[in-house]
Every structure is written in C-alpha cells, then in structure tokens.
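For reference, the structure discussed in these notes is given below.
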Amino acid sequence: MTGADPRRPLIGITTYQDDAAWSVWHQRASLAPQTYVDAVVRAGGTAVLLPPQPGGAEHLLDALDGLVLAGGPDLDPARYAAAADPRTGPPHHARDEWESALLRSALARDLPLLGVCRGMQLLNVELGGTLLQHLPDGSHQKVPAEFVRHRVEVAGGSRLAGVLGADAEVSCYHHQAVDRLGRGLRPTARAADGTVEALELDGHRFALGVQWHPETDPDDPRLFRALIARATDTRALTAHALTAASHRETNP
C-alpha cells in the first residue's frame with residue numbers, strides 16, 4: 001500500500017469474477033465497479049479489493065479496518081436449503097465460499113461491515129435466514145442495467161435512522177429479497193410493498209446491510225461515511241492495543 005495515508009482506514013471490498021476485456025485481452029478477471037472504490041475514498045477510507053481465493057480470510061482481515069460485501073449474482077439457494085427457482089441465476093461457489101468466510105471472520109472480531117444488495121442477502125443467509133428467490137416482475141428490477149428509484153421507510157431508533165433519518169430515496173436493482181430473518185437480525189427499512197430494504201445485527205458496533213446500491217449515489221455519502229467513522233474507531237483501538245503491547249514488552 002505504498003503512498004496510502006496511514007490515517008485512512010483500510011476498507012476491503014469483495015469482487016466479482018467474470019469474463020472481462022481490456023486492450024487486446026479477453027480473460028477471466030476479478031473486478032469491482034469503480035463506484036465502490038470511489039465511495040470508500042470519498043468517505044475517507046482507502047479501498048482494498050478482495051478477490052475470491054482459497055483460504056486466508058482471517059489473516060487478511062487482520063490488516064483491515066472495515067469490510068464492504070458488494071452486490072452481484074444470486075447466492076446458491078442450497079446455502080439456505082432451498083431448491084433453485086428457474087429464475088435464479090447460476091451458482092458462483094467460489095465467491096459464495098470466500099465471502100462467507102470473510103463475513104464470519106468479520107462478525108467474530110466485530111469488524112465494521114456494510115452489505116450491499118447481495119451482501120445484505122449473504123448476511124441474512126449466513127445467520128440462518130432465507131431468501132425470496134423472485135419478486136414480482138418490474139417491482140425492484142425493471143430493465144437490465146437500470147436502477148429503480150424509490151423511497152424506503154426507516155425504523156425509528158435504528159442505527160440506520162441515525163444515519164439517514166426517517167426515510168430516504170434509494171437506487172435498487174434486485175429480483176430477490178430477504179424472507180425469513182437470520183439470527184439476531186432486525187429489519188430497519190422497508191419499501192412501500194413491504195420488501196425488507198435494510199437489516200442490522202444487534203450487539204455489533206456496525207453490522208448493517210442495505211438492499212439498495214448507495215455506492216451509485218455520490219451525492220449521498222452518508223452510509224459510507226458512517227462505515228468509515230466506525231472503521232476509524234477500529235483503527236484507533238488497534239493502534240492503542242499495539243502501543244500498549246509494545247510498552248509491556250519494553251517495560252516488563
């Protein structure tokens with residue numbers, strides 16, 4: 001991370017695995033939309049991309065101050081003991097396994113995390129919840145690559161309400177949604193049709209998922225700023241612990 005500002009928290013962003021093209025090359029690639037990187041940097045963090053790979057999740061999170069579980073393809077329904085609906089996309093086993101390991105490790109160490117779209121669904125499934133595999137056509141996803149703008153109502157007294165207030169206009173692009181809630185999770189925002197649009201995990205400093213895509217709205221950086229604020233606290237606590245340990249070693 002040469003040149004990175006050591007005062008800016010390091011925020012991991014999970015990535016896609018897909019066929020990509022650049023220059024004369026067409027290859028399989030690990031990538032993330034630039035909007036995620038821009039959102040983290042704009043909010044005061046340094047972005048670190050986390051491509052799917054075997055093992056190493058716990059060791060990697062030792063170096064990070066926060067985690068963003070990015071949007072992407074449908075989760076494998078087998079992860080919540082369901083048969084695949086014909087409209088559910090093909091499974092991406094490597095990404096599912098990698099992000100589940102990152103999520104488990106982040107929750108175990110109380111690392112601040114933000115789940116976006118698929119990331120929120122993963123949070124729910126990892127904690128024992130299930131998903132609705134297809135919402136009514138045209139409700140939250142109308143045409144390819146075009147976000148649906150709508151308002152969500154935010155639960156009073158929630159962490160999300162402290163960030164966004166009583167309601168917010170958001171950009172959605174999803175055909176699946178939370179069904180049965182996972183352990184310890186509570187819904188903190190809903191669309192007009194009742195679809196769960198945000199989840200929070202009680203007992204953690206910052207474990208929040210949103211069904212919409214806040215990274216696509218540069219005029220509203222509040223969610224990413226809230227994540228960075230908690231990640232900055234994590235960085236400060238880690239630095240304090242390291243200083244105390246070093247002091248004990250030099251002054252036994």
Side-chain angles (χ1 to χ4, degrees), residues 1 3-16 18 20 22 29-51 64-73 99 106 111-123 140-154 158-175 188-192 195-200 206-235:
M1 299 300 297
D5 185 343
R7 296 167 297 182
R8 296 170 68 95
L10 298 179
I11 307 298
I13 304 172
T14 59
T15 68
Y16 298 64
D18 212 336
W22 64 96
S30 293
L31 52 90
Q34 184 64 30
T35 49
Y36 285 100
V37 176
D38 291 343
V40 166
V41 173
R42 191 183 299 113
T46 296
V48 181
L49 300 188
L50 308 177
L64 298 178
D65 305 302
L67 176 66
V68 174
L69 297 167
E99 292 186 1
L111 193 75
L113 69 92
L114 174 64
V116 174
C117 198
R118 165 193 160 95
M120 185 185 91
Q121 295 172 3
L122 177 66
L123 175 64
H140 293 253
Q141 186 183 93
K142 293 183 178 180
V143 296
E146 184 175 310
F147 291 101
V148 175
R149 294 285 290 180
H150 64 211
R151 299 201 73 80
V152 298
E153 292 188 7
V154 182
S158 64
R159 179 182 294 276
L160 186 63
V163 177
L164 298 182
D167 63 0
E169 186 176 23
V170 301
S171 296
C172 285
Y173 189 80
H174 63 100
H175 79 111
T188 54
R190 290 184 184 270
T195 299
V196 174
E197 291 281 351
L199 295 174
E200 295 179 18
F206 193 96
L208 192 153
V210 295
Q211 190 60 75
W212 65 87
H213 285 266
E215 80 284 358
T216 65
D217 191 354
D219 295 326
D220 188 0
R222 290 176 292 175
L223 269 174
F224 280 91
R225 283 181 177 171
L227 172 68
I228 296 301
R230 297 288 75 76
T232 299
D233 293 342
T234 298
R235 195 165 184 78

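For the numbers below, each heavy atom of this structure counts, side chains included, while hydrogens, waters and symmetry mates do not.
A pairwise comparison of heavy atoms in E200 and S158 identifies OE2-CB, 3.4 Å as the closest pair. Here the closest heavy-atom approach between residue A47 and residue V37 is recorded as CB-CG1, 3.9 Å. Considering all non-hydrogen atoms of both residues, M120 and V196 come closest at CE-O, 3.8 Å. Shortest non-hydrogen contact noted between W212 and V116 is O-CG1, 3.4 Å. Smallest separation of non-hydrogen atoms from P144 and Y173: CA-OH, 3.2 Å. Between L50 and G12, the shortest heavy-atom distance links the atoms CD1-CA, 3.7 Å.
Atoms CG and CD1, from L113 and I11 in turn, are 10.5 Å apart once rounded to the nearest 0.5 Å. We find the OG1-CD1 distance between T232 and I228 to be 6.5 Å, quoted to the nearest 0.5 Å. Atom CG of residue L114 and atom CZ of residue R230 lie 13.0 Å apart, to the nearest 0.5 angstrom. Expressed to the nearest 0.5 Å, how far CZ of R159 lies from CG of L208 amounts to 7.5 Å.
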For residues 160-168, run the donor-acceptor check on the side chains, cut-off 3.5 Å, and write out each pair with its distance to 0.1 Å, sequence neighbours left out.
{"from": "D167", "atom 1": "OD1", "to": "R151", "atom 2": "NH2", "distance (Å)": "3.4"}

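Between H140 and the options H175, H174, Q211, a side chain to side chain donor-acceptor pair (under 3.5 Å) holds for only H174.
Annotation: side chain of F147 is not in contact with side chain of D217 (no heavy-atom distance under 4.5 Å). Residues R118 and E99 have side chains in contact (heavy-atom distance under 4.5 Å, counting atoms from C-beta outward). The side-chain heavy atoms of R42 and R225, taken from C-beta on, include no pair separated by under 4.5 Å. For the pair D220/V170, no side-chain contact is recorded, criterion being any heavy-atom separation below 4.5 Å from C-beta on. When side chains are defined from C-beta on, T15 does not count as touching L31, because their heavy atoms never get closer than 4.5 Å. With contacts defined as side-chain heavy-atom distances shorter than 4.5 Å, the pair F224/V68 qualifies. Two residues are said to be in side-chain contact when any heavy atoms from C-beta on lie closer than 4.5 Å; E153 and R190 fail this criterion. Residues R8 and V41 form a side-chain contact, since some pair of their non-hydrogen atoms from C-beta on lies under 4.5 Å apart.
Checked by atom type and distance alone, the side chain of D65 pairs as donor or acceptor with a backbone atom of L10 at under 3.5 Å. Judged purely by atom type and a 3.5 angstrom limit, Y16 has no side-chain atom pairing as donor or acceptor with the backbone of A29.
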